[in-house]
Chemist: 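Sharing a structure here in structure tokens format.
Atom set for the values below is all heavy atoms of this structure, side chains included, hydrogens, waters and symmetry mates excluded. Just so you know, residue 1 is the first one in the sequence shown, and it goes up from there.
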Amino acid sequence: MTEVQTPRRPSHRSDRYKEAESTPAVTEMSSPAIPTDEEAVTPVRYRRRSDYAAAMPAQPAEAAQPAIPVQERRRPVTPAAYRVSQAESREQMPPPKMERPVKASVREKERAGKRMPTWLVASLAVLFFLSAGLFTAQSLMQAYLTQRQQEREAAYQRVVDAHPIYYKDLIEQYAAENNLHPAFVEAIILNESSYRTDAESSVGARGLMQIMPDTAEWIAGKLKETGYSFDNMYDAETNIKYGTWYLGYLSKLFRGDPILVSAAYHAGQGEVTGWLSDPSMSEDGVTIKLENMIDGPTKRYAGRVTKAYGVYEALYYAADDAADDDTVPDAVDAAHR
């Protein structure tokens with residue numbers, strides 16, 4: 001019976017390990033041997049561990065140390081005075097509280113109970129926006145009123161600057177003697193000379209009230225003045241005395257109408273008397289409306305005088321019981337019309 005030879009399983013190790021296996025192992029007691037030529041040719045990394053051990057020199061034996069268990073090495077070192085047994089530490093610790101598990105639905109209900117209702121949140125939001133709107137409107141209104149007040153004060157100051165008053169004592173004195181309102185005399189002086197004593201017109205009128213030479217001479221005769229000279233019209237008191245007398249004469253003639261008196265002072269009493277006889281200008285033969293007068297210098301002059309008359313009266317001669325905050329704005333508006 002023939003013997004069947006089992007095929008040899010190919011070795012997974014490479015042939016380069018065969019030489020290393022065939023090399024006899026070197027024991028620890030054997031002395032290191034000089035490597036042969038073949039051993040010198042073989043790389044060190046392909047040698048067996050026994051060859052490394054044989055190649056390494058023998059180390060002196062150290063004193064054996066007892067092995068320390070792993071648990072003891074990891075245990076922290078605590079002084080003996082503070083060491084407490086495990087049983088004692090359990091006795092000192094309070095017992096754990098046992099709480100019943102709360103369901104998620106119960107927690108959601110608790111959270112929902114703590115939240116504010118939607119209607120309350122919406123109401124608060126509406127109230128907030130309303131209050132903010134009211135505050136903004138109030139601020140805008142206050143700013144508008146402040147601006148309007150500043151504009152009125154500035155306009156008032158412009159009117160005051162445009163209507164100065166000088167020689168007030170002399171004006172009030174001679175106005176009272178001739179039954180005139182001092183504000184009307186001041187309006188005449190403002191439109192005639194702007195309170196300049198040395199003023200002189202192109203036709204020869206002089207002084208504060210711009211009195212003509214023949215008119216001044218006629219007034220001097222009425223007043224029975226001695227030592228009359230037309231040069232005296234540059235004197236403030238003499239000019240105001242002559243001018244207020246003439247205005248009083250015209251006021252008696254035209255019944256104190258400021259439009260007719262100012263028109264007669266500018267154009268002459270004969271011219272105004274002719275207008276009163278004209279039905280197209282005077283409906284009753286006694287008064288003339290400013291809009292019915294013929295367009296020209298006299299109409300413009302009478303309009304400026306009557307307007308300044310109202311402003312002077314409101315600024316300087318308003319009654320104490322009627323001098324409120326509305327008086328000054330009315331005078332300002334009248335002056336700017």
Side-chain angles (χ1 to χ4, degrees), residues 159 162-163 171 174-196 199-223 230 233 239-315 317 330-337:
V159 171
H163 296 80
I171 292 172
Y174 289 105
E177 292 179 3
N178 294 280
N179 197 23
L180 298 170
H181 199 293
F184 183 71
V185 179
E186 292 160 1
I188 292 290
I189 296 174
L190 177 68
N191 285 275
E192 289 290 344
S193 64
S194 298
Y195 289 89
R196 289 175 52 203
E200 185 173 354
S201 67
S202 58
V203 294
R206 291 181 181 179
L208 292 173
M209 301 187 73
Q210 291 289 286
I211 301 175
M212 295 290 290
D214 53 349
T215 305
E217 186 177 359
W218 177 73
I219 295 172
K222 293 291 183 179
L223 294 175
F230 189 59
M233 292 300 103
N239 193 288
I240 293 173
K241 181 180 178 180
Y242 279 45
T244 52
W245 186 92
Y246 185 54
L247 284 176
Y249 169 79
L250 295 176
S251 180
K252 293 176 184 177
L253 186 62
F254 296 107
R255 301 179 182 182
D257 190 340
I259 296 177
L260 297 180
V261 172
S262 58
Y265 191 85
H266 183 269
Q269 60 183 359
E271 190 74 20
V272 175
T273 302
W275 293 345
L276 289 174
S277 60
D278 187 355
S280 62
M281 297 182 64
S282 177
E283 298 176 356
D284 54 1
V286 179
T287 60
I288 298 176
K289 295 181 180 181
L290 187 61
E291 57 269 17
N292 292 337
M293 292 179 65
I294 301 173
D295 294 336
T298 303
K299 182 178 181 179
R300 292 193 295 270
Y301 176 83
R304 291 196 304 268
V305 169
T306 52
K307 185 181 294 185
Y309 175 28
V311 175
Y312 272 111
E313 184 179 7
L315 290 178
Y317 301 101
D330 291 341
V332 172
D333 295 338
H336 283 277
R337 290 195 187 100

Chemist: Which pair of non-hydrogen atoms, one from His266 and one from Thr298, has the smallest distance, and what is that distance?
Modeler: ND1-OG1, 3.2 Å

Chemist: Counting C-beta onward and ignoring hydrogens, is there a side-chain heavy-atom pair between Thr273 and Ser277 closer than 4.5 Å?
Modeler: no

Chemist: Where the side chain of Thr215 meets the backbone of Ile211, is there a donor-acceptor pair that is under 3.5 Å apart?
Modeler: no

Chemist: Check whether any side-chain heavy atom of Lys222 sits under 4.5 Å from a side-chain heavy atom of Tyr242, and report yes or no.
Modeler: no

Chemist: So does Glu217 have more than 12 non-hydrogen atoms from other groups sitting under 6.0 Å from CD?
Modeler: no

Chemist: A side-chain contact here means heavy atoms from C-beta on lying under 4.5 Å apart; do Val185 and Tyr174 qualify?
Modeler: no

Chemist: Please tell me whether Tyr301 and Glu192 have a donor and an acceptor in their side chains that are separated by less than 3.5 angstrom.
Modeler: yes

Chemist: For Ala187, does its backbone N or O pair with a side-chain atom of Asn191 as donor and acceptor, under 3.5 Å?
Modeler: yes

Chemist: Give a yes or no on whether the backbone of Tyr249 and the side-chain of Asn178 come within a donor-acceptor separation of less than 3.5 Å.
Modeler: no

Chemist: Could you tell me whether the side chain of Ser251 reaches within less than 4.5 Å of the side chain of Leu180, counting heavy atoms only?
Modeler: yes

Chemist: So do Trp275 and Asn292 actually touch side chain to side chain, heavy atoms under 4.5 Å?
Modeler: no

Chemist: Is a side-chain N or O of Ser262 found less than 3.5 angstrom from the main chain of Ile259, in a donor-acceptor match?
Modeler: yes

Chemist: Should Lys299 and Ile294 count as side-chain neighbours, where that means a heavy-atom distance under 4.5 Å?
Modeler: no

Chemist: Are any of the side-chain heavy atoms of Phe254 and Gln269 separated by less than 4.5 Å?
Modeler: yes

Chemist: Supply the atom-to-atom distance His163 NE2 to Lys307 NZ, rounded to the nearest 0.5 angstrom.
Modeler: 8.5 Å

Chemist: Could you grab the distance from atom CD of Glu186 to atom CD1 of Ile171, nearest 0.5 Å is fine?
Modeler: 4.5 Å

Chemist: Would you name the heavy atoms of Pro213 and Phe230 that are closest together and state the gap between them?
Modeler: CA-CE1, 3.4 Å

Chemist: Is there side-chain contact between Arg255 and Leu260, with at least one heavy-atom pair below 4.5 Å?
Modeler: no

